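Okay, so here's the structure we're looking at.
FYI, side chains are in, hydrogens and waters are out, and symmetry mates aren't considered; it's all heavy atoms of this structure. Just so we're clear, the structure is a prediction, and the values are computed from it rather than from any experiment.
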Amino acid sequence: MVEVIEIIEHFSRQGFACQELDFKGINAISIDFEIAGKRIELIHFPTSEITRLPVFLLAKPSEVGHLAHVLNYKENGYEFGSICVNDRDSVSVNFNMPLLAIEESLYRHIAILEKAMTDPEWNKQELLREFKSCWLSVCDFDNRPVLLTNDNGALEEIDVYRPVKEHDFGVRSYYLAQSKDTDLAAAAKIYWQDSSERNLAGKAIVLPLTEIEPAPLEKDQLTNWYLDILSKQQPELLKKLNDNYGRWKTQEYWIFFNAQVPSGKVWFCLSFKSKKGKKHSLPLTDRQLENWKVKAVPIRLFNKEAVLPRGGANLDLATSKVALVGAGSVGSEIAHKLSAAGVQNLTIYDPDSYQIENLYRHVLPEEYLNLCKSYGLSFSLKRQFLWSKATASVEKLLDLRKWKLLSSYDLIVIAIGSPTHERLFKEHLLEKGIKVPVINTWLEGFGVGGHAVIDIPESKGCFFCAYVCPDTLVRGLSSNLNFIEPNQNVTINMSGCGEQFISYGAICSAQTALIASDLAIKYLEGKIEASSKVSWKGSEHDAQKHGITLTNRFYQFTNSLNIQPLVHEDCDVCN
């Protein structure tokens with residue numbers, strides 16, 4: 001630990017006015033300097049070990065104005081400002097030279113303060129950009145958060161329902177404000193809103209703002225801030241508010257604001273609660289506000305624009321229509337990854353039912369045992385991804401040989417691990433001239449690897465390029481991508497012929513699903529235009545233990561996870 005006196009001497013040599021400070025029995029350091037003619041005091045509490053970027057707190061921040069990247073708080077009668085210079089945990093700090101680490105952090109803090117205090121326009125734009133975090137600093141967190149489902153932010157009145165009693169976790173622990181015009185309404189009503197369990201709490205208004213100011217610094221400024229914001233809106237909006245929504249009286253009201261700020265659309269909420277338990281109309285004037293207690297409350301917005309990009313999903317994939325054939329360990333993972341990426345129109349084909357021996361390498365929980373995998377998977381996806389329109393079917397791959405049906409898809413993904421059926425299916429596509437892109441994916445036993453190929457019509461390469469025999473250079477019965485030599489018994493028999501299975505774990509199926517999903521998403525996003533292949537290579541340990549012979553490709557393969565051209569010069573279809 002660096003001694004306090006060492007830090008003081010170091011910064012004194014840098015030209016700062018430093019002194020030791022006793023803060024309720026804790027040693028601290030006060031550093032004084034000027035910015036734009038104003039005295040600034042930063043407080044530093046030395047630590048025994050530097051594990052993150054050293055912290056400097058701004059003393060009495062309200063005396064220097066509302067500054068961007070400074071969050072004010074009070075503690076034990078003292079007022080401090082926390083200065084955001086970066087994610088303090090993500091910075092690589094030179095802890096071997098603590099004085100230099102503290103010095104570097106100090107200059108970062110000073111630079112932020114200097115910019116905010118000397119450039120008013122930058123300061124205002126930054127305050128607006130970080131509006132949400134500033135708003136949270138004046139929010140009351142004593143009540144449950146409010147979940148708002150709203151797509152476009154247009155002016156409307158909606159009902160707010162109370163949390164379900166005795167539910168402390170999950171969506172039922174939230175207040176629920178269900179917009180009427182959202183495409184999530186039907187799903188949310190099914191999964192979240194049970195009228196027998198939720199009681200009506202009051203009314204809410206969704207209010208789009210045409211003008212916005214930075215969030216208030218203190219909670220006691222909320223009323224004046226609210227009236228000031230209303231006064232800046234267009235007169236016709238205020239008239240519509242009063243004429244259409246100003247007559248309804250209730251004991252609780254919420255206003256969900258939305259406005260454009262430099263970082264995008266921001267949403268925030270004010271809660272109004274009757275002071276004497278009487279019903280009052282929507283407060284729009286100073287006099288009306290006398291009847292209400294005003295609080296800023298945290299909200300959780302649930303719409304595509306707020307949720308999907310935050311999770312890495314692509315809104316443009318919402319219109320893509322994909323068929324997934326196979327809902328086993330690999331197929332279920334693919335379904336999950338495609339849905340998480342933003343694919344909404346997913347049809348899952350699989351006639352098999354979910355059995356107890358599937359539990360350890362499948363995404364479905366035990367509640368779905370004995371249910372058809374495709375139906376269980378489609379329902380599970382719609383529960384987690386509420387914009388998903390996943391549907392299920394018990395048809396097999398060869399049942400899908402219908403021109404109109406196949407031509408309706410933007411992409412077909414086959415994850416059944418049956419090369420005979422897959423080759424027959426490809427023959428049908430060629431015979432009927434059906435030009436639909438197809439991904440075939442499969443994994444091999446004993447953890448040696450997995451593969452995926454995408455066959456894009458009218459591009460170089462096709463599914464049969466992966467079946468050109470390396471020895472004879474003609475089409476064979478086994479894929480030339482395989483790592484296990486053909487005509488070997490790769491199944492494990494534990495209790496008779498009906499209980500044979502291929503040995504692989506959940507990590508293997510997940511890895512195979514990832515390379516297939518990656519191909520699918522890249523194709524749908526327009527990042528892959530030519531037929532391609534990709535493999536991942538695992539260990540030979542378990543295969544050798546079971547006497548399994550591996551191919552030359554396995555030993556020579558060095559391109560795990562790399563997407564490569566699928567085309568083979570000796571393919572009888574492509575050439």
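- Here the OG-OH distance, from S378 to Y375, works out to 7.5 Å after rounding to the nearest 0.5 Å.
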Kindly determine whether L324 and L338 satisfy side-chain contact (heavy atoms from CB on, under 4.5 Å), including the steps that lead there. CA-CA 10 Å; L324 171 64; L338 292 183; 5.6 Å; no
Worked verdict on L519 versus T441 for side-chain contact (heavy atoms from CB on, under 4.5 Å): CA-CA 10 Å; L519 275 183; T441 185; over 6 Å; no
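- K373 forms no cation-pi arrangement with Y354, by the criterion of a distance under 6.0 Å to the ring centre and an angle within 45° of the ring axis.
- Between L136 and F141, some side-chain heavy-atom pair lies under the 4.5 Å cut-off.
- Using modelled atom types, one side-chain atom of Q488 and one backbone atom of T549 make a donor-acceptor pair closer than 3.5 Å.
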I'd like to know whether R401 forms a salt bridge (charged side-chain N to carboxylate O under 4.0 Å, His left out) with E431, so could you lay out the CA-CA distance, the side-chain angles of the two residues, the decisive distance to 0.1 Å, and finally the verdict. CA-CA 11 Å; R401 290 178 289 184; E431 180 185 342; over 6 Å; no
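- Rounding to the nearest 0.5 Å places CH2 of W254 at 10.5 Å from CD1 of I158.
- Looking at heavy atoms from C-beta onward, K389 lies out of side-chain contact with K321 at the 4.5 angstrom threshold.
- Within the 3.5 Å criterion, the main-chain N or O of H69 finds a donor-acceptor partner in the side chain of E130.
- Taking CZ of F257 as the start and CH2 of W135 as the end, the distance is 6.5 Å to the nearest 0.5 Å.
- Heavy atoms only, all atoms of each residue included: R162 and A201 are closest at CG-CB, 3.5 Å.
- For an aromatic pair to be called close, the ring centres must be under 6.0 Å apart, and W387 with F302 satisfies this.
- Taking both residues in full, the closest heavy atoms of V448 and A543 are given as CG1-CB, 3.8 Å, listed atom of the first, atom of the second, then distance.
- Between the side chain of S532 and the backbone N or O of A530, at least one donor-acceptor pair lies under 3.5 Å.
- A donor-acceptor contact closer than 3.5 angstrom links the side chains of S353 and Q355.
- H362 contributes a side-chain N or O that, together with a main-chain N or O of A327, makes up a donor-acceptor pair within less than 3.5 Å.
- Atom-to-atom distance recorded for I434:CD1 and I412:CD1 is 8.0 Å, nearest 0.5 angstrom.
- You'll find the side chain of E156 reaches within 4.5 Å of the side chain of N150, heavy atoms only.
- Using modelled atom types, no side-chain atom of S393 and backbone atom of Y349 make a donor-acceptor pair closer than 3.5 Å.
- Remark: K527 NZ is loosely packed, at most 12 non-hydrogen atoms of other residues, nucleotides or ligands lying under 6.0 Å away.
- Counting heavy atoms from C-beta outward, F463 and V453 have side chains that approach closer than 4.5 Å.
- In this structure, the ring of F385 has its center less than 6.0 angstrom from the ring center of H336.
- A pairwise comparison of heavy atoms in V468 and C571 identifies CG2-CA, 3.8 Å as the closest pair.
- More than 12 heavy atoms of other residues, nucleotides or ligands lie within 6.0 Å of CG in D168, so this atom counts as buried by the packing criterion.
- Heavy atoms only, all atoms of each residue included: S531 and G461 are closest at OG-O, 2.8 Å.
- The distance from the CG atom of N345 to the OG1 atom of T391 is 8.5 Å, given to the nearest 0.5 Å.
- No donor-acceptor pair under 3.5 Å is formed between the side chain of S407 and the backbone N or O of K404.
- By the 6.0 Å contact criterion, CD on E367 is enclosed, its count of non-hydrogen atoms from other residues, nucleotides or ligands being greater than 12.
- Enclosure of atom OH in Y360 is not indicated, since only 12 or fewer non-hydrogen atoms of other residues, nucleotides or ligands lie within 6.0 angstrom.
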Show, in sequence, the C-alpha distance, side-chain angles and deciding distance for Y161 and L200, and conclude whether the side-chain contact (heavy atoms from CB on, under 4.5 Å) test is met. CA-CA 4 Å; Y161 292 89; L200 184 66; 4.2 Å; yes
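- Side-chain contact between L364 and L371 is absent, with no heavy-atom pair separated by less than 4.5 Å.
- Counting only heavy atoms from C-beta outward, the side chains of V206 and N258 approach each other to under 4.5 Å.
- No donor-acceptor pair closer than 3.5 Å links the side chain of S374 to the backbone N or O of V394.
- The shortest distance between side-chain heavy atoms of L561 and I515 falls below 4.5 Å.
- In this structure a side-chain-to-backbone donor-acceptor pair under 3.5 Å is missing from S82 to L71.
- Shortest non-hydrogen contact noted between I521 and K337 is CD1-O, 4.3 Å.
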E444 and R553: salt bridge (charged side-chain N to carboxylate O under 4.0 Å, His left out), yes or no, with the steps? CA-CA 14 Å; E444 298 185 78; R553 183 175 191 259; over 6 Å; no
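- Here E104 pairs with R108 in a salt bridge; the nearest charged N to carboxylate O distance falls below 4.0 Å.
- When atom types are taken as modelled, the side chain of D570 and the backbone of L473 share no donor-acceptor pair closer than 3.5 angstrom.
- Within a 6.0 Å sphere centred on CG of L398, heavy atoms belonging to other residues, nucleotides or ligands number more than 12.
- For H428, the NE2 atom is densely surrounded, since the number of other residues' heavy atoms within 6.0 Å is greater than 12.
- Taking the six-membered ring where the residue is Trp, F483 and F554 present perpendicular rings, their angle passing 60° and hence far from 30°.
- Considering all non-hydrogen atoms of both residues, N482 and S478 come closest at ND2-CB, 4.4 Å.
- Around the CG atom of L359, the shell of radius 6.0 Å holds more than 12 heavy atoms that belong to other residues, nucleotides or ligands.
- With hydrogens and angles disregarded, no donor-acceptor distance shorter than 3.5 Å links the side chain of K396 to the backbone of P351.
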Could you check D316 against E525 for side-chain contact (heavy atoms from CB on, under 4.5 Å), going step by step and ending with a plain yes or no? CA-CA 8 Å; D316 294 335; E525 291 178 337; over 6 Å; no
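- Atom OH in Y467 sits 5.5 Å away from atom CD in E422 (nearest 0.5 Å).
- L411 places none of its side-chain heavy atoms less than 4.5 Å from the side chain of S320.
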